[in-house]
Amino acid sequence: MRIGVRAHDYGKNTPEGLVTKIKEVGFEAVQLAIPKAISGIDTFDQITPELLKKIHEVFKKSDIELSVFGCYIEPALLDKEARMGQVSRFLKALEYSKTIDALLVGTETTHFTTDESERPKAFEALVDSVQRMVEKAEEIDAIVGIEPVSVHTLNTPELTYKLLQRVKSNHLKIIFDPVNLLTFENSKNQEGLWKECFEAFGAEIEAIHVKNVIIENNAFKHVLLEDGLVDYQFLFNWFNTHKSHVSVLRENADPQTAYRDVAFLKQKIV
């Protein structure tokens with residue numbers, strides 16, 4: 001496993017500046033959302049072939065893996081015209097991922113704020129979007145990475161399994177963020193939750209996000225990796241056995257304490 005970081009946790013930098021900062025700490029991989037992480041780029045439409053070539057050259061020379069190309073869209077919108085605009089942007093990102101040699105293009109699945117009775121309709125919209133994204137990925141030999149989140153359309157291990165069954169393809173993989181699947185209720189039975197996740201989609205995990213939280217004042221509060229409630233020992237016992245090739249990407253990193261993140265993760269990886 002390579003230990004990596006979400007690039008924009010280091011603010012905006014040139015490709016060279018970003019690589020220098022993360023290598024100093026010991027990170028070996030990144031999740032890169034270009035408009036959030038690269039100086040001078042504020043929108044997806046500002047990305048140019050020249051910039052993509054530069055990013056590829058700098059990261060390849062520095063042996064930093066581009067594990068996830070972040071293109072976080074809203075693929076479960078019920079307004080089809082708006083949703084197709086989102087999907088179109090993701091299709092461009094798939095093409096860009098080939099230029100920069102990113103392993104996969106990742107997205108979440110739209111914050112779910114309506115009544116639960118609307119979830120089946122939103123899920124069908126998501127299936128349609130992901131099918132279109134995967135068809136493009138199959139055409140150009142790229143990978144789509146979908147991230148389940150407890151407050152989004154794709155919110156449970158069961159529904160994630162259902163998506164994988166509906167859109168069967170080796171070009172559809174899962175980004176697994178344990179914290180993003182936690183609720184106040186299921187955090188009390190983590191072993192059961194993680195087993196459910198591994199049974200539902202473990203074979204398709206291609207990137208792992210790591211962060212940690214505590215419950216304070218009826219809300220999740222982010223803390224250092226070693227200080228939170230997530231049972232990372234249980235998780236890494238499984239990762240080390242079943243997913244030893246994937247990158248482990250720190251989210252919500254603080255550059256001032258990132259060395260502690262690297263040390264913590266090195267203790268867990270065998």
Side-chain angles (χ1 to χ4, degrees), residues 2-75 85-108 111 133 136-137 140 142-145 147 149 175 177 179-180 206-211 222 224-225 246-262 265:
R2 285 197 175 210
I3 297 172
V5 67
R6 187 172 63 180
H8 61 271
D9 288 340
Y10 279 76
K12 283 200 167 189
N13 296 274
T14 63
E16 297 90 341
L18 174 60
V19 163
T20 297
K21 289 180 179 180
I22 67 174
K23 282 183 73 76
E24 286 175 348
V25 182
F27 289 119
E28 307 165 309
V30 295
Q31 173 165 318
L32 180 67
I34 291 177
K36 294 182 178 182
I38 300 300
S39 300
I41 304 297
D42 297 314
T43 68
F44 196 79
D45 291 336
Q46 291 177 307
I47 298 172
T48 64
E50 292 75 21
L51 175 62
L52 294 171
K53 181 179 178 182
K54 180 67 170 179
I55 289 171
H56 179 253
E57 290 174 349
V58 169
F59 280 76
K60 184 176 182 179
K61 181 178 179 180
S62 302
D63 192 30
I64 297 293
E65 179 183 272
L66 279 158
S67 305
V68 178
F69 182 36
C71 181
Y72 282 69
I73 62 167
E74 304 288 347
Q86 297 285 301
V87 170
S88 178
R89 181 149 54 97
F90 195 92
L91 300 186
K92 288 182 181 179
L94 286 169
E95 294 178 347
Y96 294 165
S97 76
K98 300 299 293 182
T99 301
I100 63 175
D101 205 20
L103 299 188
L104 58 86
V105 181
T107 185
E108 295 169 349
H111 194 81
M133 292 148 59
K136 178 67 173 182
I140 64 174
I143 300 292
V144 175
E147 182 178 348
V149 181
I175 300 170
D177 186 326
V179 168
N180 282 357
E206 283 299 315
I208 302 161
H209 287 168
V210 291
K211 51 183 179 275
H222 289 279
L224 293 172
L225 290 180
V246 303
S247 291
V248 180
L249 303 168
R250 171 63 156 124
E251 280 200 336
N252 291 27
D254 180 345
Q256 300 302 314
T257 55
Y259 68 95
R260 294 175 62 173
D261 298 330
V262 173
L265 293 170

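Each residue takes its place number in the sequence, starting with 1. As the structure is a prediction and not an experimental result, all values here were calculated from the model.
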**Message:** Tell me whether Thr257 contacts the main-chain N or O of Arg260 through its side chain, where contact means a donor paired with an acceptor under 3.5 Å.
**Reply:** no
**Complete:** Rounded to the nearest 0.5 angstrom, the CG-CD1 distance for Leu66 and Ile100 is 5.0 Å
**Item:** Stepwise side chain to side chain contact (heavy atoms under 4.5 Å, CB included) check, Val144 with Phe90
**Value:** CA-CA 9 Å; Val144 175; Phe90 195 92; 3.9 Å; yes
**Closest approach of Ala102 to Phe69 (non-hydrogen atoms, all atoms of both residues)** = CB-CB, 3.9 Å
**Message:** Return the CD1 to CD1 distance between Ile3 and Ile22, rounded to the nearest 0.5 Å.
**Reply:** 12.5 Å
**Message:** Would you compute the distance between atom CD of Gln31 and atom CG of Leu104 and round it to the nearest 0.5 angstrom?
**Reply:** 8.5 Å
**Sidechain-backbone polar pair: Glu251 side chain, His209 backbone, donor-acceptor under 3.5 Å** = no
**Asked** Are any side-chain N or O atoms of Glu108 and backbone N or O atoms of Glu147, one a donor and one an acceptor, separated by less than 3.5 Å?
**Response** no
**Fill in**
Residues at least two apart in sequence or cross-chain that pass salt bridge (charged side-chain N to carboxylate O under 4.0 Å, His left out) with Glu24, listed by chain then number, are none
**Prompt:** Taking all non-hydrogen atoms of both residues, which atom of Val105 and which atom of Ala93 are closest, and how far apart?
**Reply:** CG2-O, 3.7 Å
**salt bridge (charged side-chain N to carboxylate O under 4.0 Å, His left out) contacts touching residues 38-50 (sequence neighbours left out)** = Lys12-Asp42
**Asked** If every non-hydrogen atom of Val179 is compared with every non-hydrogen atom of Asp177, which pair is closest and at what distance?
**Response** N-OD1, 3.1 Å
**Message:** Run the side chain to side chain contact (heavy atoms under 4.5 Å, CB included) test on Lys211 and Arg250 for me, step by step, so that the C-alpha distance in whole Å, both residues' side-chain angles and the decisive distance to 0.1 Å come before the verdict.
**Reply:** CA-CA 6 Å; Lys211 51 183 179 275; Arg250 171 63 156 124; 3.6 Å; yes
**Message:** Go through it in stages, so that I can follow the logic: the residues are Leu32 and Leu18, the test is side chain to side chain contact (heavy atoms under 4.5 Å, CB included), and I'd like the CA-CA distance, side-chain angles, deciding distance and then a yes or no.
**Reply:** CA-CA 10 Å; Leu32 180 67; Leu18 174 60; 4.3 Å; yes
**Request:** Considering non-hydrogen atoms only, spot the tightest contact between Pro75 and Thr107 and give its length.
**Result:** CD-OG1, 4.5 Å
**Ile41 and Ile47: CA distance, side-chain angles, deciding distance, side chain to side chain contact (heavy atoms under 4.5 Å, CB included) verdict** = CA-CA 7 Å; Ile41 304 297; Ile47 298 172; 4.2 Å; yes
**Message:** Under the rule for salt bridge (charged side-chain N to carboxylate O under 4.0 Å, His left out), what residues qualify as partners of Asp254, not counting sequence neighbours?
**Reply:** none
**Complete:** d(Leu249 CG, Ile208 CD1) to nearest 0.5 Å is 8.5 Å
**Asked** With sequence neighbours left out, what residues match Glu206 under salt bridge (charged side-chain N to carboxylate O under 4.0 Å, His left out)?
**Response** Lys243
**Message:** How long is the straight-line distance from CZ of Arg2 back to OG of Ser67, given to the nearest 0.5 Å?
**Reply:** 7.5 Å
**Asked** How would you list all residue pairs meeting ring-ring contact (aromatic ring centres under 6.0 Å, His included) that involve residues 2-57, not counting sequence neighbours?
**Response** Phe44-Tyr96
**Request:** Report the distance from atom CZ of Arg89 to atom CD of Glu74, rounding to the nearest 0.5 Å.
**Result:** 8.5 Å
**Request:** Check whether any side-chain heavy atom of Glu65 lies under 4.5 Å from a side-chain heavy atom of Ser247, and answer yes or no.
**Result:** yes
**Asked** So which heavy atom on Pro15 is nearest to which on Ile55, and how close?
**Response** CG-CG1, 3.9 Å
**Request:** Determine yes or no for a side-chain-to-main-chain donor-acceptor pair under 3.5 angstrom, with Ser97 supplying the side chain and Leu94 the backbone.
**Result:** yes
**Complete:** Applying salt bridge (charged side-chain N to carboxylate O under 4.0 Å, His left out) to Lys54 and not counting sequence neighbours gives Glu16
**Message:** Minimum heavy-atom separation for Val68 and Ala207, please, with both atom names.
**Reply:** CG2-CB, 3.9 Å
